[in-house]
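Side chains included, hydrogens not; waters and symmetry mates left out as well; all remaining heavy atoms used. Numbers here simply count residues along the sequence, with the first being 1.
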Amino acid sequence: MTSHHHGRFAPSPTGRLHLGNLRTALIAWLHARSHGGRFSLRVDDLDPDRARPEHERRQIADLAAIGIDFDGDPTRQSTRLDRYREALVQLASDDRTYPCFCSRAEVLAAASAPHDSDGVEAPYPGTCARLSSVESARRVAAGDPHCVRVRARGQRIGFDDLLLGHVEAVVDDFIVRRRDGVPAYNLASPIDESDLEIDEVLRGADLASTTPRQLWIARELRLRVPTFAHVPLVVGHDGERLAKRNGARNLDELGAAGMSAEGVRQLLVASLGDAVTADGFDLSQLPRAPWRVPSIA
Ligand code: GLU
């Protein structure tokens, strides 16, 4: 019997996993496993400045310590650069992308929108979309540093999230290839989901705003599209954004405060409330309010 619940966890190997990351991983794992689904690890290691193999090893060990296992070998995005480049070539045909020469400061100034530090890009005002193809080709040939953006033409894309309900957004001209040549997360992620035959993407609510962008990629490249569930955020014990000072502890720090890995697992399971049932896991019963980490640790 094939289960249509192939799930995944996709951490960036840039540091230790904290309570919030571990909780998201646990929910994704419980959801897949309770339906007899496979569970895969994708390693988002595209950023050469920040990704480290030792972080990946620690993350896998920490996940194992709280009972989360994976099928097969991890898929490292750094091994799939040819696939992303091929997709970039495909998108560049038919004028679906364009080079953008704006600096980050220029984009921020033009957007003048409040944007937070969670890595979600500010919407791009489209300055370079209006350059003539002759002018952009001239600047590319001259070696002007540039990233590559999609020409989204202000389309709205929506999806039905298993937890948030209907989510819809105007897709902006987001980045698919960074200035340093590295393929962007919003390009790589939907390609991986499709190639690895992922059925369910379960991740933090802070990433819900990136999903319409990823669905734009999926549509343009005719990719297979998973279902999405964005889980409520974890906040610090003071109710503020989770940070080091208010509870973003990793397993070693929790251990030093007297909590074993088994204790952490029990704490996380208890935080899932009625979603943990006598015979498994029911995502629809997940508490919808942000989970506030207790100040014990
Ligand atoms: N690696 C990214 C992160 O950790 C993306 C996660 C995802 O798509 O699930 O925030």
Side-chain angles (χ1 to χ4, degrees), residues 10 12 42 44-50 77 80-81 83-131 133 136 139-140 144-159 161 164 167-195 201 203-226 228 230:
S12 305
R42 186 185 82 206
D44 288 2
D45 61 350
L46 285 178
D47 190 336
D49 299 331
R50 301 179 60 218
Q77 291 192 319
R80 293 174 44 75
L81 293 173
R83 173 69 174 108
Y84 310 138
R85 288 200 186 111
E86 172 199 314
L88 286 166
V89 170
Q90 208 179 327
L91 288 173
S93 67
D94 313 326
D95 202 30
R96 287 180 289 178
T97 56
Y98 62 88
C100 168
F101 307 92
C102 296
S103 68
R104 198 176 148 71
E106 280 164 348
V107 173
L108 288 179
S112 72
H115 89 122
D116 40 25
S117 53
D118 60 6
V120 176
E121 305 161 29
Y124 178 64
T127 322
C128 290
R130 295 184 284 272
L131 292 178
S133 52
S136 5
R139 291 180 68 175
V140 169
D144 259 15
H146 61 275
C147 66
V148 175
R149 293 183 179 274
V150 306
R151 206 181 281 284
R153 305 182 200 276
Q155 288 169 58
R156 290 189 83 79
I157 293 193
F159 65 99
D161 188 284
L164 302 176
V167 176
E168 208 175 284
V170 173
V171 176
D172 71 324
D173 288 4
F174 63 94
I175 295 174
V176 283
R177 204 195 72 187
R178 300 181 349 180
R179 209 173 240 264
D180 58 4
V182 174
Y185 159 70
N186 283 321
L187 174 80
S189 192
I191 294 174
D192 295 342
E193 254 81 80
S194 179
D195 291 1
V201 168
R203 59 187 169 201
D206 54 334
L207 290 171
S209 63
T210 68
T211 303
R213 291 167 168 162
Q214 297 180 12
L215 287 169
W216 187 95
I217 294 289
R219 196 191 56 196
E220 294 299 316
L221 298 176
R222 299 180 197 284
L223 301 173
R224 190 175 178 275
V225 172
F228 292 91
H230 291 90

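Going from atom OG1 of Thr211 over to atom CD of Glu168 covers 13.5 Å, rounded to the nearest 0.5 Å. Considering OG of Ser209 and CG of Asp172, their distance stands at 9.5 Å, rounded to 0.5 Å. With rounding to the nearest 0.5 Å, the separation of CG in Asp44 from OH in Tyr185 is 7.0 Å. Within the model, atoms CG of Leu46 and CZ of Arg80 stand 10.0 Å from one another, a figure rounded to the nearest 0.5 Å. Here the OG1-CZ distance, from Thr127 to Arg149, works out to 8.0 Å after rounding to the nearest 0.5 Å.
For the pair Val201 and Glu193, the minimum side-chain heavy-atom distance is below 4.5 Å. Here the side chains of Asp45 and Ser12 are not in contact, with every heavy-atom distance at 4.5 Å or above. Between Phe101 and Pro145 there is no side-chain heavy-atom pair separated by less than 4.5 Å. At a threshold of 4.5 Å between non-hydrogen side-chain atoms, the residues Val148 and Ile175 do not count as touching.
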| request: I would like to know whether Glu86 and Tyr84 meet side-chain contact (heavy atoms from CB on, under 4.5 Å); could you show each step before the answer? | output: CA-CA 5 Å; Glu86 172 199 314; Tyr84 310 138; over 6 Å; no
| field | Step-by-step side-chain contact (heavy atoms from CB on, under 4.5 Å) determination, Leu131 to Arg139 | value | CA-CA 10 Å; Leu131 292 178; Arg139 291 180 68 175; 4.2 Å; yes
| field | side chain to side chain donor-acceptor pair (under 3.5 Å) evaluation trace for Ser189 with Arg213 | value | CA-CA 11 Å; Ser189 192; Arg213 291 167 168 162; over 6 Å; no
| request: Please step through side-chain contact (heavy atoms from CB on, under 4.5 Å) for the pair His146 and Arg179, ending with a clear verdict. | output: CA-CA 5 Å; His146 61 275; Arg179 209 173 240 264; over 6 Å; no
| Worked check of side-chain contact (heavy atoms from CB on, under 4.5 Å) between Ile157 and Phe159 | CA-CA 7 Å; Ile157 293 193; Phe159 65 99; 6.0 Å; no
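For Arg151, the side-chain hydrogen bond (donor to acceptor under 3.5 Å, both in side chains) partners at least two apart in sequence or on another chain are Asp95. Applying the salt bridge (charged side-chain N to carboxylate O under 4.0 Å, His left out) test to Arg224 and every residue at least two apart in sequence or in another chain returns Asp199. In this structure, Asp49 has no salt bridge (charged side-chain N to carboxylate O under 4.0 Å, His left out) partners at least two apart in sequence or on a different chain.
Side-chain contact check for Arg85 and Gln90: no donor-acceptor pair (N or O, by modelled atom type) lies under 3.5 Å. For the 3.5 Å distance criterion, the side chains of His230 and Arg203 qualify, holding a donor opposite an acceptor. Side-chain atoms of Gln214 and Asn186 include a donor-acceptor pair closer than 3.5 Å.
Closest approach of Ala87 and Leu221 over heavy atoms only: CB-CD1, 3.8 Å. Across Val107 and Cys102, no two heavy atoms sit closer than the pair CG2-CB, 3.8 Å. The nearest pair of heavy atoms linking Tyr98 to Cys128 is CE1-C, 3.6 Å. Taking each heavy atom of Val176 and Leu187 in turn, the nearest pair found is O-CD2, 3.8 Å. Annotation for Pro125 and Arg130: closest pair O-NH1, 3.9 Å, computed over non-hydrogen atoms. A pairwise comparison of heavy atoms in Ala152 and Val171 identifies CB-O, 3.5 Å as the closest pair.
Side-chain N or O atoms of Asp94 include none that pairs as donor or acceptor with a backbone N or O of Arg96 at under 3.5 Å. Using a distance-only test at 3.5 Å, with no hydrogens or angles considered, a donor-acceptor pair links the side chain of Glu106 to the main chain of Ser103. Of the possible polar contacts, none joining the Ser194 side chain to the Ile191 backbone as a donor-acceptor pair under 3.5 Å is found.
Open room surrounds CZ on Arg50; 12 or fewer heavy atoms of other groups in view lie less than 6.0 Å from it. Atom CZ of Arg156 has more than 12 neighbouring heavy atoms from other residues, nucleotides or ligands inside a 6.0 Å radius.
Salt-bridge check for Arg83 with Asp192: failed, with every basic side-chain N at 4.0 Å or more from each acidic carboxylate O. Ionic pairing of Asp173 and Arg153 is not present here: no N-O contact between side-chain nitrogen and carboxylate oxygen is shorter than 4.0 angstrom.
Using cut-offs of 30° and 60° for the angle between ring planes, the Phe174 and Trp216 rings count as perpendicular.
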